[in-house]
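Below: one structure, written as C-alpha cells.
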Amino acid sequence: MITGKNYIGNNLSSKGTKQYNTFNPQLNIKNEHVFTEATAEEIDEAVALATSAFKVFRSISKDKKAAFLNTIADEILALDDLLIKTYCSESGLPEGRAKGERGRTVMQLRMFADLVNEGSWVDATIDTALPNREPAPKPDLRKMYIPLGPVVVFGASNFPLAYSTAGGDTAAAFAAGCPVIVKSHPMHAGTGELVASAIVKAAQKTGMPNGVFSNLNSSGIEVGEQLVKHSGVKAVGFTGSINGGRALYDLAAQREEPIPVFAEMGSINPVVMLPKSVKNNYKSLAKTYASSITLGTGQFCTNPGLILGIKGDDLTNFIIKLSEEIVKIDPTCMLHPNIIKAYDAKRQKAVTQDNLHVAAEYAEDVKTNYARQTVATVSGKAFINNPTLHQEVFGPYSLVVECESVEELEAIISNLEGQLTGTLIAHDDEAAQYPEIVSALQNRVGRVIFNGVPTGVEVCPSMTHGGPYPSSTDSRFTAVGIHSIKRWVRPFSYQDWPNELLPDELKNENPLGISRLVNNKQTTEKI
Ligand code: NAP
C-alpha cells in the first residue's frame, strides 16, 4: 500500500503542506497518490535518528548486516506485482524492464550481503611490533576500513529501482555500516515508498537500530539542499544531471565540515570507429548502434551520444545506413514530461548549431511523451570549436563527427570532458596501429569497450562505473560493483592497542577467518 508519507526511521510521517503527485507518461495523466514534501523538522528527525543508529550499526556483526541486506531483497520481491505496476505507472518503462531492474536490485543487495559475510573487504592490514628495532622500536599498527556515518542517497530518475531507494548506493552504504537517508526522486515517489517499506520491514525483522534508514519525499531542491548541509550527514551519493550533481558538490564543499559527494553525472560516451572496421562492417555497426542509441529511449548514462570516425565514403555509408536503421525503430516513451521537454530543448539547441547536419530524425507523428530519435553529423573542426556540441543530449540522440585525419581524431578525444566510457571499434589488428588513439581514450574515460556498445553495465567486481569529471566527481571510485563500498568508508589505524580491545577483524586470533595483509604477506592465518 502507498500512503504518500515519509519514513522517518520506522515511523510514517507527513507534517508538511507542499504536495505533489507522480505522473504516468504513457497515459499522460497524474497518478492518484499524493506525496507531501518533508519539512525541516522531519529532516532533523531523520538525521538525528540516523546519527544515533550509527552508534550501533557501525559495529554490528557481519552476520546481522548480511541478514539485513538479504531480507531487504526478500521484502522487495514480496512486493510482487504492486511494485512492478507502480514502477511502470511512474516511469513509462515496460514491465520487462521493471522486472529486469528489480532482479538487478535484488542481486546487488545479495552481492553486498555475500561481501559482508565473507568479511575480507575491510582490507585488514597488520604490522606487528619490532620492540628491538634500532635506532627506534617499531610500534604495532593495525588498519582497516571503518564507515563514515549517515549517508544521503539521491534517487536517480532513470533507474527507479537499481539506483534509487535500495539501489547500488544504498546497498553499498549499508554494507559499509552507514545509515542511509534517501531523498526520494519525485518522479517515482510511489515506487520509492514501496521499496522504503521493504527496507523498514527488513530492518525490524533483523533487529537493526531505528533510524538505520529514512525515506524523505520532495519535489524541488530544498530538501536535498538541507540534507547535504546538515552537520549530521557525512557523505552523499547522487546520480543525475551535471547541474544537480555540481550544485550539491559545491554545497558540501562550502560546509564548515566539508563532506564527500559521489555524483555520477553526464557522459556522451565517445565511440571511435577505425577506418577498416567501418569499411568492412558498416551495415552491422549501423544496426547495432541504432539499437544502442534508442535502448531505454536513450535514457542511460552510458548512451553512445558521440561517434567519431575518419571522413570518407565508408563513414558516409555508415551514416546513411545508421539513419535508415534508426528511423525503422518505433519511438518509445520518456520517463516524464520534464525529461522529454529537456530532451527536445537540448536536441533543438544542438541541431540548430552552425555546420551541423541532421542525418535522421523520426518524422512520423509520435504519442505525447514519446521521443523522436535523431542522428546528426558535423565536421571535426566544427565540433572542436563548439562546446555546445560536447554537451549531453539525454535521450535517443547521437552525433557523428567526421574527422579530417587521425591527428584530428586524437585531438578531439584528448579535448573531451571526462566520460564514463569510451568504445573502440576496430578490425582484426587495427587497434594496434593506433596506440595514440587508445591512449587518448584511456586518459578521458573510466572504462574502454572493444568492438561492442557502451550500454549495459555489468555488476561485478571488475566494473568501473565512474570516470574523470564531469562523468563523476571523483574518478578514483566506481558507483557499480562491490568496490563502490569504498566511497562510504575511511581507513583507520590502531597503534599498540590491546588485542582484546581490537575489532575481531584485527585480533591476533583472526576469529573471522578473513584474508589479511600481515607483515606484508596476504594470509588467513592467525598471528
Ligand atoms: P536531476 O535534475 O539532476 O535531479 C536528480 C535529483 O537531484 C532530484 O531528486 C533533484 O530534485 C535533485 N536536485 C537536482 N538539482 C538539485 C540542486 N541544485 N540542489 C538540490 N537537489 C537537486 O536529474 P533528473 O531529475 O534525474 O533528470 C534531469 C536531467 O538529468 C535529465 O534530463 C538528464 O539530462 C540528466 N540525467 C542524466 C543521467 C546520467 O546518468 N547521465 C541520469 C539521469 C538524469 P528535484 O527533482 O526534486 O528537483
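Values below: every heavy atom of this structure, side chains too, minus hydrogens, waters and symmetry copies. Counting convention: from 1, in listed order, for ligands and their atoms alike.
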Response to the item:
Here the ring-ring contact (aromatic ring centres under 6.0 Å, His included) pairs for residues 149-176, sequence neighbours left out, are Phe68-Phe174, Phe154-Phe238, Phe159-Tyr163, Phe159-Phe300
Worksheet item: Among Lys15, Lys18, Lys5, Lys183, which residue meets the salt bridge (charged side-chain N to carboxylate O under 4.0 Å, His left out) test with Glu37?
Response: Lys18
Discussion item. Please enumerate all residues that pass side-chain hydrogen bond (donor to acceptor under 3.5 Å, both in side chains) together with Gln391, with sequence neighbours excluded.
Written reply: none
Worksheet item: Restricting to pairs with a member in residues 463-473, which pass side chain to side chain donor-acceptor pair (under 3.5 Å), not counting sequence neighbours?
Response: Arg246-Tyr469, Glu264-His465
Fill in: Main-chain N/O of Arg444 paired to Gln419 side chain as donor or acceptor, under 3.5 Å
no
Discussion item. Pairing donors with acceptors under 3.5 angstrom, does anything connect the side chains of Thr455 and Ser292?
Written reply: yes
Worksheet item: In order of chain and number, which residues sit within 4.0 Å of ligand 1 by heavy atom?
Response: Phe154, Ser157, Asn158, Lys183, His185, Pro186, Ser218, Ser219, Gly220, Ile221, Glu225, Phe238, Gly240, Ser241, Gly244, Ala247, Leu248, Glu264, Met265, Gly266, Cys301, Ile339, Ala342, Lys346, Glu392, Phe394
